[in-house]
Every structure is written in C-alpha cells, then in structure tokens.
Amino acid sequence: NMSKLHELKNYMKLKRDSQTMREAGNEIGISATSVLRVEQGHLPDVETFGKVCKWLKISPAFFLEYEESNGAKPEAAQMQIRLALEKVNE
C-alpha cells in the first residue's frame, strides 16, 4: 500500500503555496520541472524524494508507512522507494 507516498504531491502544493515552482525548486535543490512532476503525482527518484522530505520537514518514514521506532534504517526506506518505482515503471 503506497497510498501515503501518493499524498506527497498534496503536501508539496500546500507548502509551496504562492511560491512559483522555480522558487520552490531552488529551495529544495531540484528543478522546476521536478516540482511539477511530483505535484502531478509522479513518484520522485530516491534523491529527489529525500530533498522534498527535508524541505517539507516530514520524515520519509511518514510517506513510506512504517514506524521509525522499529529500528528501520534509511537504506530500507530507499529500497522501498526503489521497489515502488520499479513497479510503477514496469
């Protein structure tokens, strides 16, 4: 169930608010095109996902629907994203 990952676009739109995509992209460290793609519901690559989460000040674990308290490592989160992306791109 990757439903929370698909909510990323809504969180981005809320945080960006009146900022242009270029302004938000500059803050995040990604291109305006990447901002647009995420807001259209495309799953970002691992690096972009990390940058967006940092900008949102939301743990990647929130979008990946697992508890950080279970000792899960960031590598596990990255692997989950990779697997999700592979399914989407099949």
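Computed from heavy atoms alone, side chains included, the values below leave out hydrogens, waters and symmetry copies. Residue numbers run from 1 in the order of the sequence given.
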Atom of V52, atom of L8 and distance for their closest heavy-atom approach: CG1-CD1, 3.8 Å

From OG1 (T33) to CZ (R22), nearest 0.5 Å: 8.0 Å

Step-by-step side-chain contact (heavy atoms from CB on, under 4.5 Å) determination, I28 to K54: CA-CA 8 Å; I28 299 166; K54 189 175 179 183; over 6 Å; no

Pairing residues for Q19 by the side-chain hydrogen bond (donor to acceptor under 3.5 Å, both in side chains) criterion, not counting sequence neighbours: E27

Selection residues 8-21 - residue pairs positive for salt bridge (Lys or Arg N to Asp or Glu O under 4.0 Å), sequence neighbours left out: R16-E39

Approximate separation, where rounding is to 0.5 Å, of T48 OG1 and R37 CZ: 10.0 Å

Spatial distance of atom CG (L64) from atom NZ (K4) [nearest 0.5 Å]: 10.0 Å

Inter- and intrachain pairs under ring-ring contact (aromatic ring centres under 6.0 Å, His included), touching residues 15-35, at least two apart: none

Shortest non-hydrogen separation from C53 to P60 and the atoms involved: SG-CA, 3.8 Å

Inter-residue atom distance L56.CG - L14.CG, 0.5 Å rounding: 9.5 Å

Partners passing salt bridge (charged side-chain N to carboxylate O under 4.0 Å, His left out) against K51 (at least two apart in sequence or in another chain): E47

By side-chain hydrogen bond (donor to acceptor under 3.5 Å, both in side chains) - contacts of S31 (at least two apart): S34

Qualifying ring-ring contact (aromatic ring centres under 6.0 Å, His included) pairs, either residue in residues 10-39, two or more places apart: Y11-F62, Y11-F63

F49 and V38, any side-chain heavy atoms less than 4.5 Å apart: no

